[in-house]
Student: 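Once you've had a glance at the structure underneath, I'll fire off some questions.
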2 protein chains.
Amino acid sequence: MRPLFHPSIEDVSVEAILHALSDPVRAAIFAQVAGQGCVQGCTTFSRVGERDIPKSSLSQHFKVLRDAGLIHSERHGVEMRNTTRCGEVDARFPGLLAAILNAYADNKACDTPQA
Amino acid sequence: MRPLFHPSIEDVSVEAILHALSDPVRAAIFAQVAGQGCVQGCTTFSRVGERDIPKSSLSQHFKVLRDAGLIHSERHGVEMRNTTRCGEVDARFPGLLAAILNAYADNKACDTPQA
DNA sequence: TTCAACAGTTCTGAAATCCTGAACTATGGG
DNA sequence: CCCATAGTTCAGGATTTCAGAACTGTTGAA
């Protein structure tokens with residue numbers, strides 16, 4: 001198990017961010033981490049919306065978010081502590097994350113009006 | 001040649017938009033169309049940055065932007081008239097496009113400080 | 001009308017990427 | 001030490017993307 005890689009904020013690119021968040025599962029994960037400030041572990045997301053996500057896929061999703069510079073992950077014993085890097089990212093690309101999270105929130109509101 | 005398809009604005013999704021704009025070539029095309037209001041034709045983009053883009057790829061890129069609801073294309077004789085759908089998209093997802101275009105602009109400024 | 005040039009599109013196969021089950025690593029508890 | 005838990009890595013098949021070649025559709029000239 002190689003140590004977790006986190007890009008420095010100057011190496012974070014818009015395209016990587018957009019690509020990472022263009023997947024609804026990853027967007028949901030990120031929204032949740034952003035909403036809670038800190039979320040324990042991948043297993044929290046074994047189910048997103050309707051779908052069951054296998055843990056190998058979850059691990060990859062977290063890696064993509066990490067590589068894109070969107071989250072910071074830290075091992076705490078057996079589990080993972082994930083936090084967003086919203087502060088840094090927002091300093092570099094002002095308003096970007098807020099607009100995206102907002103758009104997803106609006107979207108969800110339309111999708112499930114009577115849920 | 002099947003007629004050009006444009007999704008209605010309610011069918012436009014955040015993920016499709018982010019996916020479309022997560023490609024730097026498409027982002028450049030879209031930024032240009034957005035900047036000019038109207039751009040004639042794909043061939044305008046035979047070169048983006050350093051890269052030569054074959055026209056079959058350009059055609060695909062335009063299709064992705066169209067399917068994502070970002071641009072409107074109309075045949076005028078032999079060539080194509082492309083316009084953005086920023087207005088509609090911005091009404092649906094306020095601030096999203098502006099934030100993304102801004103982020104790309106910032107990014108480019110960093111990439112080429114002495115060009 | 002017929003022809004050539006031009007602007008894009010579609011087709012197709014190769015390359016890259018994504019998804020996920022299975023095997024693995026690391027940590028903590030009994 | 002052994003097992004359970006949390007996550008990672010590997011390997012493969014499925015999907016997506018890229019780009020050359022062949023095609024469609026339009027315009028202008030002869």
Side-chain angles (χ1 to χ4, degrees), chain A residues 1-6 13 15-30 32-33 38-68 70-83, chain B residues 1-6 13 15-30 32-33 38-68 70-83:
Chain A
M1 265 181 195
R2 53 188 77 104
L4 298 170
F5 168 73
H6 295 93
S13 74
E15 51 250 56
I17 290 177
L18 297 187
H19 170 252
L21 295 179
S22 71
D23 180 291
V25 173
R26 282 194 295 263
I29 292 173
F30 182 69
Q32 174 110 189
V33 175
C38 175
V39 167
Q40 276 88 253
C42 299
T43 341
T44 322
F45 295 93
S46 51
R47 172 166 274 274
V48 171
E50 299 279 292
R51 307 198 3 68
D52 270 327
I53 314 290
K55 61 179 186 162
S56 59
S57 303
L58 280 179
S59 183
Q60 293 301 333
H61 284 321
F62 274 93
K63 180 169 151 50
V64 171
L65 290 171
R66 216 164 32 237
D67 289 352
L70 288 168
I71 63 174
H72 181 93
S73 310
E74 208 171 335
R75 277 190 242 276
H76 271 249
V78 81
E79 79 202 358
M80 210 70 143
R81 216 58 67 79
N82 295 291
T83 44
Chain B
M1 266 181 195
R2 52 188 77 102
L4 296 170
F5 168 73
H6 294 94
S13 73
E15 51 250 56
I17 291 177
L18 297 188
H19 171 250
L21 294 179
S22 71
D23 180 292
V25 172
R26 283 194 295 263
I29 292 172
F30 181 70
Q32 174 110 188
V33 176
C38 175
V39 168
Q40 276 89 252
C42 300
T43 341
T44 322
F45 296 94
S46 53
R47 172 165 275 273
V48 171
E50 299 280 292
R51 303 193 13 62
D52 270 326
I53 314 290
K55 62 180 185 160
S56 60
S57 303
L58 279 179
S59 183
Q60 293 302 331
H61 284 319
F62 274 93
K63 180 169 151 49
V64 171
L65 290 170
R66 215 163 34 236
D67 289 352
L70 288 167
I71 64 174
H72 180 92
S73 310
E74 208 171 338
R75 278 191 241 276
H76 270 251
V78 81
E79 78 202 356
M80 208 70 142
R81 215 58 66 80
N82 295 292
T83 45

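Computed from a predicted model, the values in this text were never measured in an experiment. Throughout, a chain's letter reflects where its sequence line sits, starting with A, and its residues are numbered from 1.
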Student: Return the minimal non-hydrogen interatomic distance between L70(B) and A20(B), and the atom names on each side.
Tutor: CD1-CB, 3.9 Å

Student: For S59(A) and dG7(D), is the shortest distance between a side-chain N/O and OP1 or OP2 below 4.0 Å?
Tutor: no

Student: Taking all non-hydrogen atoms of both residues, which atom of A68(B) and which atom of I17(B) are closest, and how far apart?
Tutor: O-CG1, 3.8 Å

Student: Can you see if the side chain of S57(A) gets near the phosphate of dT20(C) - specifically, an N or O under 4.0 Å from OP1 or OP2?
Tutor: yes

Student: Between the opening five pairs and the closing five pairs of the helix from dT1(C)-dA30(D) to dG30(C)-dC1(D), how far apart are the helix axes, to 10°?
Tutor: 10°

Student: Can you check the H76(A) NE2 to dA6(D) C1' distance for me, whole Å?
Tutor: 14 Å

Student: Counting only side-chain heavy atoms from C-beta out, which of dA19(D), dG8(C), dA6(D) sits nearest to S56(B)?
Tutor: dA19(D)

Student: Whole Å only: how far is the NZ atom of K55(A) from the P atom of dT20(C)?
Tutor: 15 Å

Student: OP1, OP2 of dC6(C) versus side-chain N and O of R75(B): anything below 4.0 Å?
Tutor: no

Student: What I'd like to find out is whether the side chain of H19(A) reaches to under 4.5 Å of the side chain of R26(A), using heavy atoms alone.
Tutor: yes

Student: If the cut-off is 4.0 Å, is H61(A) near the phosphate of dG7(D), judged by side-chain N/O to OP1 or OP2?
Tutor: no

Student: What is the distance, to the nearest angstrom, from the CZ atom on F62(A) to the P atom on dA6(D)?
Tutor: 13 Å

Student: Indicate yes or no: at least one non-hydrogen side-chain atom of F45(B) is less than 4.5 angstrom from one of I53(B).
Tutor: no

Student: D23(B) has an atom CG; how far is it from atom P of dT16(D), in whole Å?
Tutor: 16 Å

Student: Write down the distance between NZ (K63(A)) and P (dT9(D)), rounded to a whole number of angstrom.
Tutor: 7 Å

Student: Identify which nucleotide among dT8(D), dC6(C), dT9(C) has an atom closest to any side-chain atom of L4(A), counting heavy atoms from C-beta outward.
Tutor: dT8(D)

Student: Quick check: closest heavy atoms across V33(A) and N82(A), and the distance to 0.1 Å?
Tutor: CG1-O, 3.8 Å

Student: Is any side-chain heavy atom of S73(B) closer than 4.5 Å to one of H6(B)?
Tutor: yes

Student: DNA chain C: H19(A) or P3(B), which has the more 5' nearest nucleotide?
Tutor: P3(B)

Student: Would a 4.5 Å heavy-atom cut-off, applied to side chains only, mark I71(B) and I29(B) as touching?
Tutor: no

Student: Tell me the interatomic distance from Q60(A), atom CD, to dA22(C), atom C1', rounded to whole angstroms.
Tutor: 14 Å

Student: CZ of R26(A) versus P of dC19(C): gap in Å, rounded?
Tutor: 7 Å

Student: Using the closest heavy atom to pick a nucleotide of DNA chain D for each, name whichever of N82(A) or V78(B) lands nearer the 5' end.
Tutor: N82(A)

Student: Find the distance D52(A):CG to dG21(C):P and express it as a whole number of Å.
Tutor: 10 Å

Student: Measuring to OP1 and OP2 of dT20(C), would you say a side-chain N or O of R51(A) lies under 4.0 angstrom away?
Tutor: yes

